[in-house]
**Student:** 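For reference, the structure I am asking about is given below.
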Protein chains: 2
Amino acid sequence: MRVLVCEDDELIASGIVAGLTAQGLTVEHVATASAARAMVGVAEFDVMVLDLGLPDEDGLKLLKQLRQQGLETPVLILTARDSVTDRVDGLQAGADDYLLKPFDLRELAARLHTLLRRVAGRSVNLIEHGRLTYDPSSRETTLDGQPVDLSRREQSLLQALLHSRGRVLSSEQLKDSVYGFNDELESNALNVHIHHLRRKLGNGIVETVRGLGYRLGPADGAESSK
Amino acid sequence: MRVLVCEDDELIASGIVAGLTAQGLTVEHVATASAARAMVGVAEFDVMVLDLGLPDEDGLKLLKQLRQQGLETPVLILTARDSVTDRVDGLQAGADDYLLKPFDLRELAARLHTLLRRVAGRSVNLIEHGRLTYDPSSRETTLDGQPVDLSRREQSLLQALLHSRGRVLSSEQLKDSVYGFNDELESNALNVHIHHLRRKLGNGIVETVRGLGYRLGPADGAESSK
DNA sequence: CTGGCGATTAACCGTCGATTAACCCGGCGA
DNA sequence: TCGCCGGGTTAATCGACGGTTAATCGCCAG
């Protein structure tokens, strides 16, 4: 799951990023409204955390604008202000939840999970693909009904592949969904994780498309029948 | 984009129709399974929204039947039920996505857009030639509906041939489109690739015109009867 | 019958992905 | 606090595949 955090206070931001990352989420962080706008333009996020007190523009104004442009991602706003009108304004601007500063990190995590579940939980909560199932909300994977223990990176990899059934994903795209945009990676770490995934889930799961990238294998667990 | 909504509850249906129309979609609404069947028979839709609780027939049964008849339109099902077996049943019946009632209208719109995107990305530039299809965007080739793996060179060769239907292409022209203009090639590598193409796609696909070059065979997979 | 062109096949080579091992770091328990 | 443990990354090496070359075959035409 990808989260966009828009917060200018470096200290708070790093706390949020660390906390959410530990929860297995992939987090992007920006510090200004314009950066957030740019980010939303180029990538899809599952949920957004927005601080109202941004240096360059009022967060509410930004939110309203994004909603007008058709952004449907759930948004949780952070604010130091506390008045009834502020809350109402926030919700009217299109926020889905709000949190007052200072806040407890665990509280934030819990609320985000609620939002994510609201999105995921109302629809197919369980992704099935052949012998595999993956439940994004509980982050549980099973193979032939047996639970499989996947590490954080392996999970995001699998999730990215499941999310775009059958399409080939370049290693660039995979890198973006497993790591953020920021982190540059100049090694074959992805290969290694894919290798681990295959070791745990069997060879039919991930197919290599030479020169292009990887994709999910066919749903009927048939091994390569070349 | 055309959407078929099959939903018997008048209130819900009008909400959906209004919401989707506002998104710029063209919406047709029917209230019964038989009406849906009739509609599908006479018009093409890009995506279908199907309520499982229809008055005259079980939605799942309808869906299964439509799939058996070869309907490939993506289908999102709506249901009040919520259990793992129901979800699995829905997906196995051929649904592409799943939403529980009550649902958020924005959520529905977002999911439909995802489905539409999936379809649009898939078939936009599909080139057909007899038993062959080639999709330049996903670089997928199928023969009689079966996917065929082609290597990079084989693909560009096939693409060049498909691109100038029937015209004879000299080996110079083929060389230019497979390699750049720059690269000089001193061997019969092209011949070898053509050989490989024929091995994978059958002999009728590429015809040799002695002394001139090659061209695509006739669309009706008939072998050259000379 | 023979020359030549294209087909076929096999061998070689380079590149890319797979695999494995080592190292690094953070968390946790002793 | 120290040291172990597990996951993540880096790096080195292996191996398979695709691409090219080249040798040989077979067919058609002159």
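Throughout, protein chains are lettered first and strands after them, A, B, ... in sequence-line order, and every chain is numbered starting at 1.
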**Student:** Rounded off to whole Å, could you give me the CZ-to-P distance for the Arg152(B) and dC17(D) pair?
**Tutor:**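 The distance from CZ of Arg152(B) to P of dC17(D) comes to 17 Å, rounded to the nearest Å.
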**Student:** Can any side-chain N or O of Asp56(A) pair as donor or acceptor with the backbone N or O of Ser34(A) at less than 3.5 Å?
**Tutor:**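 Confirmed, Asp56(A) side chain pairs with Ser34(A) backbone.
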**Student:** Are His193(A) and dG7(D) close enough that a side-chain N or O sits under 4.0 Å from OP1 or OP2?
**Tutor:**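 Indeed not, no polar side-chain atom of His193(A) lies that close.
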**Student:** Atom NE2 of His196(A) to atom C1' of dG17(C): distance rounded to whole Å?
**Tutor:**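 Interatomic distance, NE2 of His196(A) to C1' of dG17(C): 15 Å.
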**Student:** Using OP1 and OP2 only, check whether a side-chain N or O of Arg199(A) sits under 4.0 Å from dA18(C).
**Tutor:**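 Looking at the OP1 and OP2 atoms of dA18(C), neither is under 4.0 Å from any side-chain N or O of Arg199(A).
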**Student:** Roughly, in whole Å, what's the span from CD in Glu207(A) to C1' in dA18(C)?
**Tutor:**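 Distance check: Glu207(A) CD to dA18(C) C1' gives 16 Å.
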**Student:** With no hydrogens and no angle check, is any side-chain donor or acceptor of Gln155(B) less than 3.5 Å from a backbone partner on Arg152(B)?
**Tutor:**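 No: the side chain of Gln155(B) does not pair with the backbone of Arg152(B).
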**Student:** Take Asp149(A) and Leu190(A), find for each the nucleotide of DNA chain D with the closest heavy atom, and name the residue whose nucleotide sits nearer the 5' end.
**Tutor:**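 Closest to the 5' end, via its nearest nucleotide, is Asp149(A).
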**Student:** For each nucleotide in nucleotides 1-8 of chain C, reading 5' to 3', give B when a protein heavy atom comes within less than 4.0 Å of its base, S when such contact involves only the sugar-phosphate, and - otherwise.
**Tutor:** ---BBSSB
**Student:** Rounded to whole angstrom units, what separation is found between the CZ atom of Arg153(A) and the C1' atom of dG6(D)?
**Tutor:**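 Going from CZ in Arg153(A) over to C1' in dG6(D) covers 14 Å.
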**Student:** For the pair made of CD in Glu154(A) and P in dG6(D), what is the distance, rounded to whole Å?
**Tutor:**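 After rounding, the reported distance stands at 14 Å.
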**Student:** Does the distance from a Lys or Arg side-chain N to an Asp or Glu carboxylate O, for Asp46(A) and Arg2(A), drop under 4.0 Å?
**Tutor:**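 No, this pair does not count.
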**Student:** Considering non-hydrogen atoms only, spot the tightest contact between Ala33(A) and Glu57(A) and give its length.
**Tutor:**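 For Ala33(A) versus Glu57(A), the nearest heavy atoms are CB-CB, 3.7 Å.
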**Student:** Write down the protein N/O and nucleotide N/O pairs, taken from nucleotides 24-26 of chain C, whose separation is under 3.5 Å; answer none if there are no such pairs.
**Tutor:**
none

**Student:** Looking at Leu63(A), Leu54(A), Val75(A), which one forms a side-chain contact (heavy atoms from CB on, under 4.5 Å) with Cys6(A)?
**Tutor:**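 Option passing the side-chain contact (heavy atoms from CB on, under 4.5 Å) with Cys6(A): Leu54(A).
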**Student:** Does any N or O in the side chain of His163(B) come within less than 3.5 Å of the main-chain N or O of Leu158(B), such that one atom is a donor and the other an acceptor?
**Tutor:**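 Side chain of His163(B) to backbone of Leu158(B): no pair is present.
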**Student:** How many angstroms lie between CG in Leu4(A) and OG1 in Thr26(A), if you round to the nearest 0.5 Å?
**Tutor:**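 Interatomic distance, Leu4(A) CG to Thr26(A) OG1, rounded to 0.5 Å: 12.5 Å.
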**Student:** Using whole Å, what does the distance between atom C1' of nucleotide dG8(D) and atom CG of Leu157(A) come to?
**Tutor:**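 Computing the Leu157(A):CG to dG8(D):C1' distance gives 13 Å.
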**Student:** Only pairs at least two apart or in different chains count here, so list each salt bridge (Lys or Arg N to Asp or Glu O under 4.0 Å) that has a residue in residues 206-215 of chain A.
**Tutor:**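 Every pair satisfying salt bridge (Lys or Arg N to Asp or Glu O under 4.0 Å) with a residue in residues 206-215 of chain A: Glu207(A)-Arg215(A), Arg215(A)-Glu140(B).
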**Student:** Would you say dT10(D) has OP1 or OP2 under 4.0 Å from some side-chain N or O of Ser187(A)?
**Tutor:**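 Yes.
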**Student:** Using a cut-off of less than 4.0 Å, is there contact between a side-chain N or O of Ser151(A) and OP1 or OP2 of dG6(D)?
**Tutor:**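 No, because none of the side-chain N or O atoms of Ser151(A) sits under 4.0 Å from OP1 or OP2 of dG6(D).
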**Student:** Any side-chain donor paired with an acceptor under 3.5 Å for Arg139(B) and Ser156(B)?
**Tutor:**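 Side chains of Arg139(B) and Ser156(B): no pair found under 3.5 Å.
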